[in-house]
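Not measured: the values here are computed from a predicted model.
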Amino acid sequence: MKELLEQINQPNDIKKISEKDYADLAKEIRALLVRSVSKNGGHLASNLGAVELTMALHLVMDFPEDKLIFDVGHQSYTHKILTGRRKEFDTLRRYEGLSGFPKRRESDCDAFDTGHSSTSISAAAGLATARDLEGEHYRVAAVIGDGALSGGMAYEALNHIGGSRSNMLIVLNDNRMSIAENIGGMAAYLGKLRTNAKYVGFKDDLEQTLRKTRLGTKLVYKLKRSKDSIKHLIVPGMFFEDMGITYIGPIDGHNIALMTRVFRTALAANKPVLVHVVTEKGHGYEFAKKDPSAFHGVEPFHIKTGKVLEPSPKKNYTSVFSEAVCELAEHNKKIAAITAAMPQGTGLSEFEKKYPERFFDVGIAEEHAVTFAAGLAAGGYQPIVAVYSTFLQRAYDQIVHDVCIGGLPVIFAVDRAGIVGNDGETHQGILDISYLAHIPGMTVAAPRDGAELKAMLGFLTELKKPAAIRYPRGAACDITECPLTPIVYGKAEVLYEADEIAILAVGSMVETALKVREILLAGSYRVMVVNMRFISPLDTELLDNVAKRSRMIVTMEENIHAGGFGEKVAAYFAERGKNVRLKNIALPNHYIEHGDTQILRDKYGLTAEKAAEAIRLAYRG
């Protein structure tokens, strides 16, 4: 028997599928999701939960004319399958394959590039406004999760669109709870009543008629007041209603027929409508359903067992940080740990178990996390904010205004610094040196390996200054050939002395620099290797000494050129009028696509072999 999915080869083909086959189509989509993610890794649980929801949206919208925006975007896999990308789906997240997030350059059906949370309502509001200004009639829908709705930007957008006469559909995908029978039945009834076109029209006509009578305005006001007070008691979603946004729900997010009816009516309204849809994360795959957190973002796994295929035998940097922060907190009762809805991803789950009173998960709200940490610091505590590099950039103003100007001792544990791989442009941590190291009063450190991460974190807790410690994703290296020396503030660590080529390496690039040295030694080059430790402040004494004795200085970092460590070094020498031969090995000044980390490092010259060749060419030139 021919699979239903084989009938879906371009946008809107789902409309050719018979209603009686929707359940089977959903099963086929889930099977494809599990197969593909088991091979390539990716975001599984959220996509499994959103299959029927996405199908319902595709049944009532027309693509690419209509605009569908996914918040964060990691739950857009079904959308990709239904918009003509099914045959390419096995390339998901691979180098030069399909992205794991919406990409406008990948398809006209992807209306907006998303990768960070709480953005979809703002983007949808902008698209709806552009549509109205142009006199066009396409429909706009935004899908936002209950977790993303904890982000402040979502509330800013809701506040902006409240009371608007511009139509847009907001789908709140709530996957934290299940629907009990009584709630589901009542929700379906209220949804039908409140979205019934005749009912809405009758209510509006009655109000307009009453307002024309002598006592009508007062009567309308009293009726509305009494109606609203009753609704506050029995109708959910009054928060949205009070902001001027029509609320419908909660409704069953796995009931396609119900969702299509509600979505059609909502998209025909002359105002913003929020439909609260309840889904089950991991729906249809038992392992993801039982442990949705583990299958939120998962490495390749065995479908029958749910086990990761190649678990790393070594500790990764996140687990090293986890151990270090717990050990420090045992002896320092003032240490507090903060996460923006990522306790497991940032390694703070163990801290939460051991020190729950000093652990704070503020939701997807990086800006609040930083200023909350600043308040804790002002109150005498030593807060450590654990956050991915790509997400910390969302809180730049708070870092400057609330932490650094006041000199408050907040430590930023910047995880996933550098290339992270298959999640692509929105998740690569390639900007943090550029946006942190130039802030006055901010110390920026980069440990060479796991042992130095532990030592550096302890050092920074005693520093009592704003500080950031950046470390990469993946297995923590252990540089045993060069024993770790005591950390001195603002001072680098010389690993090998020489007087011809000096390599000044930052963080993850120290291990690479040592391999580069071995390659160059084979060509009879004399190579000095320095673990810089601190990006800000610069060890200017070391720079001056190296400039005197070396024929060429090489800087190595896993950050873009612009504003990076290499530019800081070049600026230092330029300001002092020193004519120094410099070679900066860093990432180019553009966003880095998705793909295997090793492939990307090789492409952009960050492997030992590519770096050694670049140094040889520069030295000869």
Assign the ring pair H74 / H43 to parallel, tilted or perpendicular, where the plane angle (0 to 90°) is split at 30° and 60°.
parallel
Using the benzene-type ring in the case of Trp, are the ring centres of F301 and F295 under 6.0 Å apart?
yes
For H331, check ring pair (Phe, Tyr, Trp, His ring centres under 6.0 Å) against everything at least two apart and list the hits.
none
May I have the step-by-step check of salt bridge (charged side-chain N to carboxylate O under 4.0 Å, His left out) for R85 and E106, ending in yes or no?
CA-CA 10 Å; R85 287 170 274 182; E106 186 179 287; 2.7 Å; yes
Indicate yes or no for a side-chain donor-acceptor contact from N316 to the backbone of A476 under 3.5 Å, with no hydrogens or angles considered.
no
Strictly distance-based, threshold 3.5 Å: is any side-chain N or O of R581 a donor or acceptor partner for the main-chain N or O of A618?
yes
For the backbone of Y572 and the side chain of R576, can you confirm whether one donor and one acceptor N or O come within less than 3.5 Å of each other?
yes
Ion pair present between K515 and E481, side-chain N to carboxylate O less than 4.0 angstrom?
no
Sorted by chain and number, sequence neighbours left out, side chain to side chain contact (heavy atoms under 4.5 Å, CB included) with E299 holds for V308, R473
Would you sort out whether K80 and E88 count as a salt bridge (charged side-chain N to carboxylate O under 4.0 Å, His left out), showing the intermediate values?
CA-CA 10 Å; K80 288 176 182 275; E88 304 167 75; over 6 Å; no
Centres of the H427 and Y388 rings: under 6.0 Å?
no
Keeping the roles fixed (side chain from S389, backbone from A417), state whether a donor-acceptor pair exists under 3.5 Å.
no
Criterion side chain to side chain contact (heavy atoms under 4.5 Å, CB included) on E593 and Q428, from CA distance to verdict:
CA-CA 8 Å; E593 68 272 39; Q428 311 284 18; over 6 Å; no
Using modelled atom types only, decide if a donor and an acceptor are shared between the side chain of E493 and the backbone of R533 within a distance under 3.5 Å.
no
T114 (side chain) donor-acceptor with F70 (main chain) under 3.5 angstrom:
yes
Does the pair K578/D544 count as a salt bridge with the N-to-O cut at 4.0 Å?
yes
Judged by modelled atom types alone, do E452 and N531 share a side-chain donor-acceptor pair under 3.5 Å?
yes
Per the ring-ring contact (aromatic ring centres under 6.0 Å, His included) rule, what does the pair list look like for residues 498-556, sequence neighbours excluded?
Y489-F534, Y525-Y619
Check for a donor-acceptor pair, side chain of Y471 on one end and backbone N or O of V414 on the other, with a separation under 3.5 Å.
no
Hydrogens and angles aside, do S107 and D110 bring a side-chain donor and acceptor to less than 3.5 Å of each other?
no
Have T346 and D415 got a donor and an acceptor in their side chains that come within less than 3.5 Å?
no
Salt bridge or not for K315 and E323, using N-O below 4.0 Å?
yes
Candidate pair M556 and T512, rule side chain to side chain contact (heavy atoms under 4.5 Å, CB included), full reasoning
CA-CA 9 Å; M556 296 182 68; T512 305; 3.9 Å; yes
Could you note down all residue pairs passing ring-ring contact (aromatic ring centres under 6.0 Å, His included) where residues 573-597 supplies at least one of them, sequence neighbours left out?
H590-Y604
Show me the donor-acceptor pairs, under 3.5 Å and distance only, between side chains in residues 455-467 and residues at least two apart or in other chains.
{"residue": "T461", "atom": "OG1", "partner": "G458", "partner atom": "O", "Å": "2.6"}
{"residue": "K464", "atom": "NZ", "partner": "T461", "partner atom": "O", "Å": "3.4"}

List the residues meeting side chain to side chain contact (heavy atoms under 4.5 Å, CB included) with N422, not counting sequence neighbours, and say none if there are none.
R93
Please name all residues satisfying salt bridge (Lys or Arg N to Asp or Glu O under 4.0 Å) with R526, sequence neighbours left out, ordered by chain then number.
D499, E500
Judged by modelled atom types alone, do D90 and S36 share a side-chain donor-acceptor pair under 3.5 Å?
no
Could I get the full list of ring pair (Phe, Tyr, Trp, His ring centres under 6.0 Å) partners for F359, not counting sequence neighbours?
none
Looking at R358 and E352, is any side-chain nitrogen of the basic one under 4.0 Å from a carboxylate oxygen of the acidic one?
no
I need the I335 CD1 to Q382 CD distance, nearest 0.5 Å.
6.5 Å
Could you tell me whether K491 and D539 have a side-chain N and a carboxylate O separated by less than 4.0 Å?
yes
Just wondering, more than 12 heavy atoms not from R104 lying within 6.0 Å of its CZ?
no
If only atom types and distance count, is the side chain of D71 paired as donor or acceptor with the main-chain N or O of S120 below 3.5 Å?
yes
For K87, check salt bridge (Lys or Arg N to Asp or Glu O under 4.0 Å) against everything at least two apart and list the hits.
none
Between the side chains of H302 and S38, does any donor sit under 3.5 Å from an acceptor?
no
Check the pair V516 / V527 against side chain to side chain contact (heavy atoms under 4.5 Å, CB included), numbers first and verdict last.
CA-CA 9 Å; V516 169; V527 183; 5.9 Å; no
Between T78 and N47, does a side-chain hydrogen bond (donor to acceptor under 3.5 Å, both in side chains) hold up when you go through it step by step?
CA-CA 7 Å; T78 301; N47 281 287; 5.2 Å; no
Side chain to side chain contact (heavy atoms under 4.5 Å, CB included) for V410 and V370? Distances and angles first, verdict last.
CA-CA 8 Å; V410 176; V370 173; 5.8 Å; no
Would you call R394 and E367 a salt bridge, taking side-chain N to carboxylate O under 4.0 Å as the test?
no
Is there a side-chain hydrogen bond (donor to acceptor under 3.5 Å, both in side chains) between D361 and T339 once you walk through the steps?
CA-CA 5 Å; D361 186 342; T339 178; 5.1 Å; no
All pairs passing salt bridge (charged side-chain N to carboxylate O under 4.0 Å, His left out) where residues 555-571 contributes a residue, at least two apart
E558-R601
Test side-chain hydrogen bond (donor to acceptor under 3.5 Å, both in side chains) on H116 and T390; report intermediate values, then the result.
CA-CA 9 Å; H116 287 183; T390 183; 2.8 Å; yes
Who passes side chain to side chain contact (heavy atoms under 4.5 Å, CB included) against D602, sequence neighbours left out?
T607, K610
Given the rule in the side-chain hydrogen bond (donor to acceptor under 3.5 Å, both in side chains) test, do S349 and Q344 qualify, once you have shown the distances and angles that lead to the verdict?
CA-CA 5 Å; S349 296; Q344 187 171 352; 5.2 Å; no
When you measure from the side chain of H79 to the backbone N and O of C109, does any donor-acceptor pair fall under 3.5 Å?
yes
More than 12 heavy atoms of other residues, nucleotides or ligands under 6.0 Å from NE2 of H438: yes or no?
yes
Restricting to side chain to side chain donor-acceptor pair (under 3.5 Å), what partner residues turn up for S117, sequence neighbours left out?
none
Hey, is CD on E327 packed in by over 12 heavy atoms from elsewhere, all under 6.0 Å?
yes
Got F321 and I384 here, is their nearest side-chain heavy-atom distance under 4.5 Å?
yes
